[in-house]
Protein chains: 2
Amino acid sequence: MKSTQVIAALEALAQEHRLAAFRALVQAGPQGLTPSVLSEKLGLPAPTLSFHLAQLRHAGLVSVTRDGRSLIYAADYDAMSGVVDFLTENCCAGAACAPASCAPAAKPKEKTHETPARARRRA
Amino acid sequence: MKSTQVIAALEALAQEHRLAAFRALVQAGPQGLTPSVLSEKLGLPAPTLSFHLAQLRHAGLVSVTRDGRSLIYAADYDAMSGVVDFLTENCCAGAACAPASCAPAAKPKEKTHETPARARRRA
DNA sequence: TTCATATTTCCATAATTATGGAATCGTTAT
DNA sequence: ATAACGATTCCATAATTATGGAAATATGAA
């Protein structure tokens with residue numbers, strides 16, 4: 001996954017209402033939820049919610065399908081998985097950041113480094 | 001980890017320069033890097049970098065210590081781990097989103113749901 | 001058709017975030 | 001002291017994002 005995609009996803013999730021919406025969609029599972037249900041659940045006016053859902057959609061985190069007059073938004077698990085993988089591989093010290101469910105690896109050693117200034121001070 | 005903290009962390013990482021800085025710090029390991037080194041590495045003017053490092057700091061993703069005239073920024077692995085855990089637990093379908101390094105669990109079943117409109121249409 | 005419902009787009013406004021030069025602060029060397 | 005260095009804060013400006021009412025669009029019902 002490219003870092004620009006990851007940034008888009010993080011940007012999308014880094015907002016109270018969007019994170020809440022996404023969590024609700026994850027909870028709802030593959031069958032998803034309609035904007036009106038989400039609007040009710042989250043207490044957001046329709047245009048505001050629509051704006052946020054569009055953000056999530058553009059970030060590739062949710063998909064939309066139509067069912068009659070309703071749209072159905074559903075979480076894209078693969079996309080989310082990609083984000084988590086990126087963070088785990090690039091932004092954690094490898095295995096050190098694996099979820100608790102995995103056999104926890106040792107944290108990177110705290111080898112206190114010899115900095116120039118410290119050496120100078122001692123001398 | 002509270003969702004407000006997670007949002008702060010995602011917000012911090014959802015920016016090109018900050019994500020790059022954080023990745024560099026993760027790569028650098030516990031001994032960290034100074035702003036001048038980062039400034040060089042990322043090609044950012046000092047005040048701009050300082051601004052972004054402050055964001056990362058406020059989000060709790062990096063720590064700062066002083067060594068002589070230099071400051072030393074280091075990635076906070078625990079914080080990052082907390083973020084990944086939150087995303088894995090709350091924003092993926094549980095095990096479905098675990099990193100590839102873990103035994104991959106089955107994806108949530110795509111049980112195509114019976115929506116009201118679909119039922120109506122058939123009737 | 002005409003009407004009602006679900007949702008989005010449009011738009012103006014408010015609020016937040018990013019940028020980088022100039023000035024400032026803390027630390028070390030002379 | 002004073003100079004030099006590393007880094008931050010200050011500040012004005014530009015750019016982006018969020019908000020929600022009003023209007024428009026699409027679909028299905030009467």
Side-chain angles (χ1 to χ4, degrees), chain A residues 4 7-22 24-25 32-59 61-74 115-123, chain B residues 4 7-22 24-25 32-59 61-74 115-123:
Chain A
T4 54
I7 289 175
L10 294 177
E11 211 171 342
L13 293 174
Q15 211 276 356
E16 185 189 351
H17 300 318
R18 288 196 293 266
L19 183 59
F22 188 74
L25 290 177
L33 295 174
T34 64
S36 33
V37 168
L38 274 171
S39 174
E40 169 75 18
K41 212 187 261 280
L42 306 179
L44 288 179
T48 298
L49 175 65
S50 186
F51 167 79
H52 288 305
L53 287 176
Q55 305 282 110
L56 288 171
R57 193 155 41 74
H58 291 138
L61 289 170
V62 305
S63 61
V64 213
T65 54
R66 183 175 279 277
D67 176 49
R69 306 188 238 213
S70 298
L71 294 183
I72 295 187
Y73 283 84
T115 61
R118 239 181 295 227
R120 236 175 296 120
R121 217 176 298 124
R122 206 182 39 256
Chain B
T4 54
I7 288 174
L10 294 177
E11 212 171 340
L13 294 175
Q15 210 276 357
E16 185 189 351
H17 300 319
R18 288 197 293 268
L19 183 60
F22 188 74
L25 290 176
L33 295 174
T34 64
S36 32
V37 169
L38 274 172
S39 174
E40 170 74 17
K41 212 187 261 280
L42 306 179
L44 289 179
T48 299
L49 175 64
S50 188
F51 167 79
H52 289 306
L53 287 176
Q55 307 280 110
L56 289 170
R57 194 155 41 75
H58 291 137
L61 289 170
V62 304
S63 61
V64 214
T65 54
R66 183 175 276 277
D67 176 47
R69 307 186 239 214
S70 299
L71 294 183
I72 295 186
Y73 283 84
T115 60
R118 238 179 295 224
R120 236 175 294 122
R121 216 175 300 125
R122 206 183 39 256

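Per chain, numbering begins at 1; letters A, B, ... match sequence-line order. Keep in mind the model is a prediction, meaning the values are calculated, not measured. In what follows, every heavy atom counts, from backbone to side chain, and hydrogens, waters and symmetry copies are set aside.
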Return the value, rounded to whole Å, for the distance between atom CZ of A:R69 and atom P of D:dT27.
12 Å
Spacing of A:H58 atom NE2 relative to C:dT8 atom P, expressed in whole Å:
11 Å
Could you tell me which non-hydrogen atom of A:V62 sits nearest to which non-hydrogen atom of A:F22, and how far apart they are?
CG1-CD1, 3.9 Å
When you check the phosphate oxygens OP1 and OP2 of D:dG6, does a side-chain N or O of B:Y73 lie under 4.0 Å from one of them?
no
Kindly state each residue pair satisfying side-chain hydrogen bond (donor to acceptor under 3.5 Å, both in side chains) with at least one member in residues 45-56 of chain A, sequence neighbours excluded.
A:R18-A:H52
Separation of C:dT7 atom C1' from A:L38 atom CG, nearest Å, is 13 Å
All heavy atoms of A:A8 vs all of A:A59, minimum pair found to be O-CB, 3.6 Å
For each nucleotide in nucleotides 9-21 of chain D, reading 5' to 3', give B when a protein heavy atom comes within less than 4.0 Å of its base, S when such contact involves only the sugar-phosphate, and - otherwise.
B-------SBBBB
Given 3.5 Å as the limit, does a donor-acceptor pair link the side chain of B:S39 with the main chain of B:P45, or not?
no
To the side chain of B:T34, which of D:dA7, C:dA6, C:dT8 is closest?
D:dA7
Any B:S70 side-chain nitrogen or oxygen under 4.0 Å from OP1 or OP2 of C:dT27
no
Which part of the nucleic acid, if any, lies within reach of B:S39 when heavy atoms closer than 4.0 Å are counted: base, sugar-phosphate only, or nothing?
nothing
What is the distance, rounded to the nearest whole Å, between atom CG of A:L71 and atom P of D:dT27?
9 Å
Between P on C:dT7 and CG on A:D67, what's the gap in Å once rounded to a whole number?
10 Å
Which heavy atom of B:V64 sits nearest a heavy atom of B:R57, and at what distance?
CG2-CD, 2.7 Å
Interatomic distance, A:I72 CD1 vs D:dT27 P [rounded to whole Å]:
14 Å
Can you name the one residue among B:T34, B:L33, B:L38 that meets side-chain contact (heavy atoms from CB on, under 4.5 Å) with B:S36?
B:T34
Any side-chain heavy atom of A:L42 within less than 4.5 Å of one from A:H17?
no
Measure from CG on B:L53 to P on D:dA7 and round the result to the nearest Å.
10 Å
